[in-house]
Amino acid sequence: MDEQKLKKLQGWVEEARRMVFFGGAGVSTESGIPDFRGEDGLYRQRYAYPPETIISHSFYVHHPEIFFDFYRNRMLYPNAKPNIVHRKLAQWEKEGKLLAVVTQNIDGLHQQAGSKRVYELHGSVHRNTCQHCGKHYSLQEMLQWKGKGVPRCSCGGVIKPDVVLYEEPLDEDVMARALHYIRQADVLLIGGTSLVVYPAAGLITYYRGHKLAVVNKGGAGPVEAAVTVDGPIGQVLEQL
Ligand code: NAD
């Protein structure tokens, strides 16, 4: 990696008091969870329907069996462990450098690594709710349904993962809190995201500072960053 960029980033992290991290699926690929649009991503594999169709609200309503089959086999990774990126961010929070993690991920690995202030824009596989009676179920309970079709509550209702599907709105409270932290960030570090999923990606436009860095395989996409590193985020954060 370019020494100058690394030095600049190191300086920013050293001085940071209100850093915010904004991330996506690329943060967890080093934990063995495939992303959507990266080189080994789910969107490059072949299914009977395109993944973005399967994980849409209307598809979930009309074809729940296919939806849950895809969800269980392609979106649940119960044995994945946090990697250096999750651990580093948790450490920075503990040291008083980092205010919050805003993530598009649904895997819960930031919390598993010890991060406390995590805003999950697209929900979490760890929360699941009966659509009829509102009873909550853990990921472990959902896994017991493996291979048995649509998961159902003891009351007979369908148990839906609290994951934001295409066509569904984002949680307003989570959005407002994420925005609140991004607005006051001294450093905004963006990583492992293609920044093409809206409205989540639009949140970064609320950053007011000049220390904007993007660490992403494939480049910064639409963002004009002061520092851009095209490479594996684990390798970069390990050096910070
Ligand atoms: P994306 O798949 O669109 O983009 C991921 C980006 O990360 C790509 O540009 C890829 O090149 C890059 N990348 C992959 N591995 C990397 C690494 N090791 N270091 C640096 N960059 C790396 O994902 P997205 O932007 O998060 O948006 C798509 C949606 O995917 C989100 O809504 C999210 O909910 C969902 N998703 C989540 C998970 C998860 O929870 N782990 C996994 C897959 C998809």
Side-chain angles (χ1 to χ4, degrees), residues 1 5 9 21-45 47 50-57 60 70-89 101-113 115 118-128 139 161-171 174-175 178 189-204 213-223 225 227-240:
M1 181 187 153
K5 285 183 182 175
L9 273 182
F21 179 78
F22 181 95
V27 166
S28 294
T29 52
E30 295 173 37
S31 294
I33 303 179
D35 61 10
F36 280 176
R37 297 176 187 79
E39 51 192 16
D40 300 316
L42 287 184
Y43 283 16
R44 309 234 172 171
Q45 301 169 23
Y47 302 102
E52 58 269 56
T53 301
I54 302 176
I55 52 176
S56 68
H57 183 81
Y60 158 78
F70 181 87
Y71 178 74
R72 283 197 193 90
N73 292 313
R74 305 290 165 173
M75 295 175 73
L76 295 183
Y77 296 86
N79 300 321
K81 298 274 173 288
N83 62 52
I84 180 74
V85 182
H86 303 101
R87 292 197 300 273
K88 201 68 169 198
L89 294 167
V101 169
V102 178
T103 183
Q104 300 164 87
N105 291 351
I106 56 175
D107 55 35
L109 291 183
H110 286 294
Q111 291 92 331
Q112 211 177 308
S115 282
V118 182
Y119 296 100
E120 295 170 311
L121 299 170
H122 294 156
S124 171
V125 299
H126 292 276
R127 295 185 297 270
N128 304 277
L139 173 59
D162 288 349
V163 161
V164 180
L165 304 176
Y166 288 110
E167 303 162 359
E168 291 180 343
L170 271 57
D171 182 300
V174 174
M175 282 283 272
L189 179 56
I190 299 173
T193 171
S194 56
L195 292 171
V196 298
V197 179
Y198 280 81
L203 280 178
I204 63 172
V214 178
V215 182
N216 197 57
K217 273 191 199 168
V223 183
V227 176
T228 304
V229 182
D230 184 346
I233 187 165
Q235 257 176 43
V236 177
L237 262 63
E238 203 165 29
Q239 300 177 69
L240 298 178

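Numbers for residues simply follow the sequence, beginning at 1. Whatever order the structure lists ligands and atoms in, that order sets their numbers, starting from 1.
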message: What I'd like to find out is whether the side chain of Phe22 reaches to under 4.5 Å of the side chain of Leu121, using heavy atoms alone.
response: yes
Identify, by atom number and element, the atoms of ligand 1 in contact range of [X], meaning under 4.0 Å from any of its heavy atoms.
| X | result |
| --- | --- |
| Pro232 | 19 (N) |
| His122 | 31 (C), 32 (O), 33 (C), 34 (O) |
| Gly192 | 5 (C), 6 (C), 7 (O), 21 (N) |
| Thr29 | 14 (C), 15 (N), 16 (C), 17 (C), 18 (N) |
| Gly231 | 19 (N), 20 (C) |
| Ile33 | 41 (N) |
| Val197 | 27 (O), 28 (C) |
| Asp107 | 39 (C), 40 (O), 41 (N) |

Does the N or O separation between [X] and ligand 1 drop below 3.5 Å for any pair?
| X | answer |
| --- | --- |
| Ala25 | yes |
| Gly24 | no |
| Pro34 | no |

- prompt: Of all the heavy atoms in Ser28, does at least one lie under 4.0 Å from an atom in ligand 1?
  reply: yes
- request: Could you find the nearest protein heavy atom to atom 18 (N) of ligand 1 and give me its residue, atom name and distance?
  value: Glu30 OE2, 2.7 Å
Of Asn83, Asp107, Asp35, the residue whose pairing with Ser28 passes side-chain hydrogen bond (donor to acceptor under 3.5 Å, both in side chains):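 Result: among Asn83, Asp107, Asp35, Asp107 is the only option passing the side-chain hydrogen bond (donor to acceptor under 3.5 Å, both in side chains) with Ser28.
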- request: Flag the pair Lys81 and Glu30 as a salt bridge only when some basic side-chain nitrogen lies within less than 4.0 angstrom of an acidic carboxylate oxygen.
  value: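 Here Lys81 does not pair with Glu30 in a salt bridge, since their nearest N and O are not under 4.0 Å apart.
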Would you name the heavy atoms of [X] and [Y] that are closest together and state the gap between them?
| X | Y | answer |
| --- | --- | --- |
| Arg127 | Glu120 | NH1-OE1, 3.1 Å |
| Phe21 | Ile190 | CE1-C, 4.3 Å |
| Val27 | His86 | CG1-NE2, 3.5 Å |

